[in-house]
Asker: 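Take this structure first; my questions come after.
Throughout, numbering of the chain's residues begins at 1 and tracks the sequence.
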Amino acid sequence: MELYELTVHELMDKLNKNEITSEDITKSYVSRINEKEDDVEAFVTVLSEDAENKAKEIDQKIEKGEITNKLAGIPIGIKDNICTKGIKTTCSSKMLEDFVSPYDATVMDKINAENLITIGKLNMDEFAMGGSTENSYFKKTKNPWNLSKVPGGSSGGSAAAVASQMVPWALGSDTGGSIRQPSAFCGVVGLKPTYGLVSRYGLVAFASSLDQIGPITKDVRDSAILLNIIAGHDEKDSTSVDMPKKDYEKALTGDIKGLKIGVPKEFFGEGINEEVKESLKQAIETYKKLGAEVEEFSLDIAKYALATYYIIACAEASSNLGRFDGIRYTYRAKDFKDLKDLYKKTRSEGFGAEVKRRIILGTYVLSSGYYDAYYKKAQQVRTLVMNEFNKGFEKYDVILTPTSPTVAFGIGEKSNNPLEMYLADICTVSVNIAGLPGISIPCGIDKEGMPIGMQLIGNKFQEETILNTAYSFEQEYKFREKYKPQFKGGTK
């Protein structure tokens, strides 16, 4: 078995037994990137040489006893909207094509403190706006299970890189499902933490009240390990919550006897693919076999959540993206008559179609005469969504839904129909609206061999509950042992 096939906890075990070195691991992943990147196109920036040099340095320090971190020398991929000092942070946009961050995001400080090795920055939908990674200025990332399909978005590069084993794990960001949906499409594990658990300092803002950084990994244990690293209070982020530190890996007992799982019937209705429903039904039976109590209930928010999400997200995007004006650190139009013309041409040339669409929508709902009708109303409905979830968690420990209504769709299939693309987020957006934690794990494949994702939603700051619930299913179902990406339609 190649080193790139192992999970992070398996690599840690071998490292700590001195069976392998950091250089061995890094070279294995660099070789894999060289083999698969031309097909998958998951990276915006590959840091092969830097990564190999850092691995040699770490091995030397470990030998001298200067580094004792258990995770030292493990590579990681970073979504390209997370600031990395001295490395390009482009948000996959022409607007930031040449931007090199002068500082590290807080999560990067934590990653670097553990002596992990950043092996590259990963492709995404421009400014995290999209569900297919077709909105990147640089390239369209492919799904490793079938290269004619999308990997999901906006963290499509992160999910595809993990699924194709070009990185052992990665960081993504989730505003309305952007970690969970691509994880479902690519057959990997994606965790969106509770809002405020992980610092957003250094994450380029899309919608500040919804964005969260989280892990995309090969299995649930790796997700818990990475969450242990990145979670925690940060004074630089006013929305960061100060709470006692937890060990999420220790929570993985696999024992879920007596756990109460609620299944909202509204998430299994019209628009949900039949094969997705069938896989979820089988997963529910597995949970019953493992001793959980599973019950159907009504969570009547799905029809409101999507509209609420897009009003709030676009309004906040309109505000946040105002800083990209061609004056300071961004792309600047070459020919302009005056300041107003500079703004107009810079933004027309620097932003892609989807970003412009959302800025226009957001500006409209915030404008005089429409603010009360749209934005204020959306914030009121947001409170209703939170209240409905609170009622659900009075009775259930975990809420189980599909991650996405369908499996991965074809490249170009929905790109000309924004509304249809937005509907793909129907199962995930309510989690962000309510600020809850959610995890997507693979629970089957369809007749074409594409992965199907199951979402487990927990109450606020109950990551250990959903991680253990996911872990118990994963240990029973053994998806990674049964199925591997096929790279259909590729040249290699």
Asker: Going by atom types only, do Ser208 and Asn320 share a side-chain donor-acceptor pair under 3.5 Å?
Answerer: yes

Asker: May I ask you to decide whether Lys27 forms a salt bridge with Glu23, counting only side-chain N to carboxylate O separations under 4.0 Å?
Answerer: yes

Asker: For Ser240, what residues pass the side-chain hydrogen bond (donor to acceptor under 3.5 Å, both in side chains) criterion, not counting sequence neighbours?
Answerer: none

Asker: Any side-chain donor-acceptor pair under 3.5 Å between Thr194 and Glu463?
Answerer: yes

Asker: For residues Ser101 and Thr89, report the shortest heavy-atom separation together with the two atoms involved.
Answerer: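 Looking at all heavy atoms of both residues, the closest pair is CB-OG1, 3.9 Å.
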
Asker: Verify the neighbour count for atom CD of Glu49: are there more than 12 heavy atoms of other residues, nucleotides or ligands below 6.0 Å?
Answerer: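 Atom CD in Glu49 is not crowded, with 12 or fewer foreign heavy atoms closer than 6.0 Å.
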
Asker: Would you say Thr239 and Arg200 are linked by a side-chain donor-acceptor pair, where the criterion is simply a distance under 3.5 Å?
Answerer: yes

Asker: For residues Pro182 and Ser158, determine if any side-chain heavy atom of one lies less than 4.5 Å from a side-chain heavy atom of the other.
Answerer: no

Asker: Any donor-acceptor pair under 3.5 Å linking the side-chain atoms of Thr106 with those of Asp234?
Answerer: yes

Asker: Do Ser164 and Lys36 pair up side chain to side chain, a donor and an acceptor below 3.5 Å, judged on atom types alone?
Answerer: no

Asker: Would a 4.5 Å heavy-atom cut-off, applied to side chains only, mark Asn432 and Lys192 as touching?
Answerer: yes

Asker: If we count only N and O atoms by modelled type, under 3.5 Å, do the side chains of Thr90 and Lys121 hold a donor and an acceptor together?
Answerer: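 The criterion, which ignores hydrogens and geometry beyond distance, is not satisfied for Lys121 and Thr90.
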
Asker: Would you call Lys88 and Asp98 a salt bridge, taking side-chain N to carboxylate O under 4.0 Å as the test?
Answerer: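 Judged by the 4.0 Å cut-off on N to carboxylate O distance, Lys88 and Asp98 do form a salt bridge.
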
Asker: Assess Lys94 against Tyr331: is NZ or CZ under 6.0 Å from the centre of the six-membered ring, and within 45 degrees of the ring's axis?
Answerer: yes

Asker: Here's a test for you: under ring-ring contact (aromatic ring centres under 6.0 Å, His included), which of Phe324, Phe206, Tyr137 qualifies with Phe127?
Answerer: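 It is Phe324; the other options fail the test.
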
Asker: Within the 4.5 Å heavy-atom criterion, are Lys149 and Lys142 side-chain neighbours or not?
Answerer: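 Side-chain contact under 4.5 Å: no.
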
Asker: Heavy atoms only: give me the nearest Ile119-Ala51 pair and the separation to one decimal.
Answerer: CG1-CB, 4.0 Å

Asker: Could you state the interatomic distance from CG (Asp38) to CD (Glu35), rounded to the nearest 0.5 Å?
Answerer: 10.5 Å

Asker: Output the distance between atom CD1 (Ile439) and atom CG (Leu191), rounded to the nearest 0.5 Å.
Answerer: 5.0 Å

Asker: Quick one: are Ile25 and Pro75 in side-chain contact, heavy atoms under 4.5 Å?
Answerer: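 In short, these two side chains touch, coming nearer than 4.5 Å.
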
Asker: I want to check something: taking the side chain as every heavy atom from C-beta on, are Ile457 and Ile466 in contact at a cut-off of under 4.5 Å?
Answerer: no

Asker: Who pairs with Lys281 by salt bridge (Lys or Arg N to Asp or Glu O under 4.0 Å), at least two apart in sequence or on another chain?
Answerer: none

Asker: Could I get the full list of ring pair (Phe, Tyr, Trp, His ring centres under 6.0 Å) partners for Phe99, not counting sequence neighbours?
Answerer: Tyr329

Asker: Check the side chains of Ser92 and Glu126 for a donor-acceptor pair under 3.5 angstrom, ignoring hydrogens and angles.
Answerer: no

Asker: Can you name the nearest heavy-atom pair linking Val167 to Tyr29, along with the distance?
Answerer: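 Answer, listing the atom of Val167 first, then Tyr29: C-CE2, 3.5 Å.
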
Asker: If I take atom CG from residue Asp425 and atom CZ from residue Arg180, how far apart are they, to the nearest 0.5 angstrom?
Answerer: 9.0 Å

Asker: Look at the aromatic rings of Tyr483 and Phe479 and report parallel, tilted or perpendicular, splitting at 30° and 60°.
Answerer: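 Tyr483 and Phe479: tilted rings.
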
Asker: Could you please spell out the steps behind the salt bridge (Lys or Arg N to Asp or Glu O under 4.0 Å) verdict for Glu57 and Lys54?
Answerer: CA-CA 5 Å; Glu57 183 189 320; Lys54 183 80 184 289; over 6 Å; no

Asker: Of all heavy-atom pairs between Glu114 and Ile229, which one has the smallest distance, and what is that distance?
Answerer: CG-CG2, 3.9 Å

Asker: Would you say the ring centroid of Tyr103 lies under 6.0 angstrom from that of Tyr201?
Answerer: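 Between Tyr103 and Tyr201, the centre distance is under 6.0 Å.
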
Asker: Find the distance between OG1 (Thr26) and CG (Asp59) and round it off to the nearest 0.5 Å.
Answerer: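 Atom-to-atom, Thr26:OG1 and Asp59:CG are 8.0 Å apart.
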
Asker: Rounded to the nearest 0.5 Å, how far does CG of Asn135 lie from CE of Met129?
Answerer: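 CG of Asn135 is found 10.0 Å from CE of Met129.
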
Asker: Passes side chain to side chain donor-acceptor pair (under 3.5 Å), Asn123 versus Ser136? Steps please.
Answerer: CA-CA 7 Å; Asn123 196 32; Ser136 168; 2.7 Å; yes

Asker: Give the minimum heavy-atom separation between Pro451 and Ile445, together with the two atoms involved.
Answerer: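 Closest approach of Pro451 to Ile445, heavy atoms only: CA-CG2, 4.0 Å.
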
Asker: Please determine whether side chain to side chain contact (heavy atoms under 4.5 Å, CB included) holds for the pair Val355 and Leu321, giving the CA-CA distance in whole Å, both sets of side-chain angles, and the decisive distance to 0.1 Å.
Answerer: CA-CA 9 Å; Val355 174; Leu321 270 63; 3.4 Å; yes

Asker: Between Lys414 and Phe409, is NZ or CZ placed under 6.0 angstrom from the six-membered ring centre and within 45° of the ring axis?
Answerer: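 Positive - Lys414 is close enough to the ring of Phe409 and near enough to its axis.
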
Asker: May I ask you to check whether over 12 heavy atoms, not counting those of Lys447, lie within 6.0 Å of atom NZ?
Answerer: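 Check fails, neighbour count at 12 or below.
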
Asker: Is any side-chain heavy atom of Leu467 less than 4.5 Å from a side-chain heavy atom of Arg221?
Answerer: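 Sidechains of Arg221 and Leu467: no contact.
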
Asker: Would you name the heavy atoms of Glu37 and Phe43 that are closest together and state the gap between them?
Answerer: OE2-N, 3.2 Å

Asker: Just verifying a value: how many Å separate Ile433 CD1 and Ile301 CD1, rounded to the nearest 0.5 Å?
Answerer: 7.5 Å

Asker: Would you sort out whether Ser440 and Gln455 count as a side chain to side chain donor-acceptor pair (under 3.5 Å), showing the intermediate values?
Answerer: CA-CA 4 Å; Ser440 177; Gln455 177 176 231; over 6 Å; no

Asker: In sequence, state the C-alpha distance, the side-chain angles, and the governing distance for Thr141 and Thr133, and then conclude on side chain to side chain donor-acceptor pair (under 3.5 Å).
Answerer: CA-CA 6 Å; Thr141 299; Thr133 315; 5.4 Å; no

Asker: Is any side-chain heavy atom of Lys218 closer than 4.5 Å to one of Val189?
Answerer: no

Asker: In sequence, state the C-alpha distance, the side-chain angles, and the governing distance for Tyr471 and Asp219, and then conclude on side chain to side chain donor-acceptor pair (under 3.5 Å).
Answerer: CA-CA 8 Å; Tyr471 179 74; Asp219 71 0; over 6 Å; no

Asker: Going by atom types alone, do Ser319 and Glu316 pair a side-chain donor with an acceptor below 3.5 Å?
Answerer: no

Asker: Could you tell me whether Lys250 atom NZ has more than 12 heavy atoms of other residues or ligands within 6.0 Å of it?
Answerer: no

Asker: Determine, step by step, whether Leu47 and Ile87 satisfy the side chain to side chain contact (heavy atoms under 4.5 Å, CB included) criterion, reporting the C-alpha distance in whole Å, the side-chain angles of both residues, the deciding distance to 0.1 Å, and the verdict.
Answerer: CA-CA 9 Å; Leu47 301 165; Ile87 302 167; 3.7 Å; yes

Asker: Is it the case that more than 12 heavy atoms not belonging to Lys140 sit under 6.0 Å from its NZ atom?
Answerer: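 No.
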
Asker: Is the number of heavy atoms from other residues, nucleotides or ligands under 6.0 Å of Lys139 NZ greater than 12?
Answerer: yes

Asker: Pick one: which of Ser223, Ser155, Cys186 meets side chain to side chain contact (heavy atoms under 4.5 Å, CB included) with Ile216?
Answerer: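 Considering Ser223, Ser155, Cys186, a side chain to side chain contact (heavy atoms under 4.5 Å, CB included) with Ile216 is found only for Ser155.
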
Asker: Just wondering, do Asp174 and Thr428 contact through their side chains at under 4.5 Å, heavy atoms?
Answerer: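 Result no, sub-4.5 Å side-chain heavy-atom pair not found.
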
Asker: Start with the C-alpha gap between Val276 and Thr406, add the side-chain angles, then the distance that decides, and say whether side chain to side chain contact (heavy atoms under 4.5 Å, CB included) holds.
Answerer: CA-CA 7 Å; Val276 170; Thr406 66; 5.5 Å; no

Asker: Does the distance from a Lys or Arg side-chain N to an Asp or Glu carboxylate O, for Arg358 and Glu354, drop under 4.0 Å?
Answerer: yes

